[in-house]
S.K.: 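The structure's right below; bear with me while I get my questions together.
Only this structure's heavy atoms are used, side chains among them; waters, hydrogens and symmetry mates stay out.
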Amino acid sequence: MFFPISGVHISPFYLGIVGFIVGVLGGFFGVGGSFIAGPLMFAAGMPMNFVIGTDSAHITGKSIVAARRHRAFGHVDLRLAAFMLIGTTLGVESGAQIVQALKASKSIDAVIGIIYIIISIVIGAFVAYESFKTLRRVRAERMTELEARHAVGFVGIAQRFQAIKIPPMIAFPASGIPSISLWVILVGAYISGVFSGLLGGGAGYIRLPTLIYVFGVPTHLAVGTDLLEVVFSSGYATLTHGFKGNVDIMIALVMHTGAAVGAQIGAMATRHVGGPKIRLAFSVLPIIGALLVALRLLGLVGGV
């Protein structure tokens with residue numbers, strides 16, 4: 001099928017399957033799904049600027065479904081999400097402006113593709129290392145997840161950030177955070193927002209590790225809170241990229257058909273899987289996304 005806005009031929013069946021898979025993964029891991037949706041669209045032959053904008057549009061609708069489900073399970077810290085939204089919005093616009101500059105220079109596919117590959121590999125490797133060590137402690141020494149994370153040293157990362165005493169200090173009881181500088185929250189949200197505007201989707205692949213390792217939010221709460229934040233970050237990214245001519249709304253609608261179903265399945269599955277297992281499974285997906293982008297840049301895939 002030909003999509004005239006982005007000028008590509010892609011099978012609607014392929015897009016529907018991609019949407020469903022991304023919906024399941026996004027609902028389960030608490031990320032918008034752009035870490036895999038973007039590479040799959042790029043591998044099918046879409047120009048990178050349309051991948052970024054269209055991915056944001058698709059992720060918005062899917063994340064609304066998944067966030068509502070997580071909210072019903074009590075897995076959302078509304079107070080934290082509200083404060084993060086300030087930094088996220090500013091970051092998204094910054095990232096979108098970078099895309100426009102690269103779009104004008106005709107180097108957008110290579111530059112953003114390489115950035116995506118590097119970010120994905122680093123995040124995937126770090127999360128895999130942490131969750132494997134934590135899970136091994138949980139099994140071998142019968143520790144709780146929090147005790148195991150203390151033992152392997154990763155809770156200490158969040159504690160160091162919580163020890164930054166730049167006022168105003170603020171508490172987030174729902175996430176078990178007694179006190180943290182508002183500036184830590186805003187800067188972390190801004191950085192994830194930049195990647196949302198720059199690479200597409202809601203940048204949950206940046207925000208989820210930030211919530212867990214920097215802010216100290218428990219995994220299940222991080223999943224739901226991240227999804228709620230993705231709704232706003234990807235929603236704003238859709239608007240700003242839409243005005244810049246980077247959104248193929250027809251492709252987004254086809255993908256959302258499958259994603260709406262998949263998101264509910266993924267969200268329900270988190271109730272039956274422990275935090276370390278969720279993080280360990282998540283770590284594989286950015287690596288897959290990086291591989292797909294690399295194959296497209298090398299000209300080995302393109303067109304479905």
Side-chain angles (χ1 to χ4, degrees), residues 26 29-35 52-53 55-56 59-60 63-64 66-67 70-71 75-101 112 115-116 119 122-123 126 157-219 221-241 243-244:
F29 294 113
V31 297
S34 56
F35 59 91
I52 295 166
D55 186 23
S56 297
I59 292 301
T60 302
S63 296
I64 291 173
H70 277 282
R71 174 60 177 162
H75 293 168
V76 177
D77 188 331
L78 292 173
R79 178 179 169 86
L80 176 58
F83 278 101
M84 289 181 67
L85 183 60
I86 301 169
T88 296
T89 304
L90 295 174
V92 168
E93 184 58 37
S94 298
Q97 293 297 334
I98 295 173
V99 170
Q100 283 303 98
I112 293 185
I115 292 173
Y116 184 91
I119 292 296
V122 169
I123 291 174
F126 173 78
I157 297 175
Q159 290 176 335
R160 284 192 286 272
F161 277 100
Q162 291 174 13
I164 297 174
K165 302 300 182 183
I166 302 176
M169 304 298 293
I170 189 166
F172 296 98
S175 293
I177 302 174
S179 179
I180 190 170
S181 172
L182 178 60
W183 293 105
V184 171
I185 301 296
L186 294 179
V187 171
Y190 176 81
I191 293 172
S192 66
V194 169
F195 281 101
S196 177
L198 179 62
L199 301 180
Y205 45 83
I206 298 291
R207 190 181 300 105
L208 184 65
T210 299
L211 283 163
I212 294 171
Y213 301 116
V214 177
F215 299 166
V217 179
T219 300
L221 266 172
V223 167
T225 304
D226 179 40
L227 272 169
L228 180 60
E229 192 71 12
V230 167
V231 172
F232 294 102
S233 62
S234 60
Y236 181 78
T238 301
L239 289 176
T240 188
H241 279 297
F243 286 124
K244 296 173 175 64

S.K.: Does anything in residues 86-101 form a salt bridge (Lys or Arg N to Asp or Glu O under 4.0 Å)? List the pairs, not counting sequence neighbours.
M.R.: E93-K244
S.K.: How long is the gap from OG1 on T210 to CZ on F161, to the nearest 0.5 Å?
M.R.: 9.0 Å
S.K.: Of all residues at least two apart in sequence or in a different chain, which pass the side chain to side chain donor-acceptor pair (under 3.5 Å) check with Q162?
M.R.: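 If we apply the side chain to side chain donor-acceptor pair (under 3.5 Å) test to Q162, skipping adjacent residues, there are no hits.
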S.K.: Between T88 and M84 (side chain of the first, backbone of the second, donor and acceptor by atom type, cut-off under 3.5 Å), is there such a pair?
M.R.: yes
S.K.: Identify the heavy atoms of L85 and F232 that sit nearest to each other, and give their distance.
M.R.: CD1-CB, 3.2 Å
S.K.: With side-chain contact (heavy atoms from CB on, under 4.5 Å) as the test, would you mind laying out the steps for L198 and I52 before giving the verdict?
M.R.: CA-CA 7 Å; L198 179 62; I52 295 166; 5.9 Å; no
S.K.: Show the atom names and distances, to 0.1 Å, of all donor-acceptor pairs under 3.5 Å that link a side chain in residues 170-190 to residues at least two apart or in another chain.
M.R.:
| residue | atom | partner | partner atom | Å |
| --- | --- | --- | --- | --- |
| S175 | OG | D77 | OD2 | 2.6 |
| S181 | OG | I166 | O | 2.6 |
| S181 | OG | W183 | N | 3.2 |
| W183 | NE1 | P167 | O | 3.2 |
| Y190 | OH | S94 | OG | 2.9 |

S.K.: What do the steps show when you test L211 against L80 for side-chain contact (heavy atoms from CB on, under 4.5 Å), and what is the final call?
M.R.: CA-CA 10 Å; L211 283 163; L80 176 58; 3.7 Å; yes
S.K.: For R71, does the CZ atom sit with more than 12 other heavy atoms under 6.0 Å from it, leaving out its own atoms?
M.R.: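 12 or below, so no.
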S.K.: Would you say that R207 contacts V230 through its side chain, given a criterion of any heavy-atom pair below 4.5 Å between the two side chains?
M.R.: yes
S.K.: How far does OH of Y116 sit from CD1 of I112, to the nearest 0.5 angstrom?
M.R.: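 One finds 12.0 Å between OH of Y116 and CD1 of I112.
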S.K.: Atom CD1 of I86 and atom CZ of F83: how far apart are they, to the nearest 0.5 Å?
M.R.: 7.0 Å
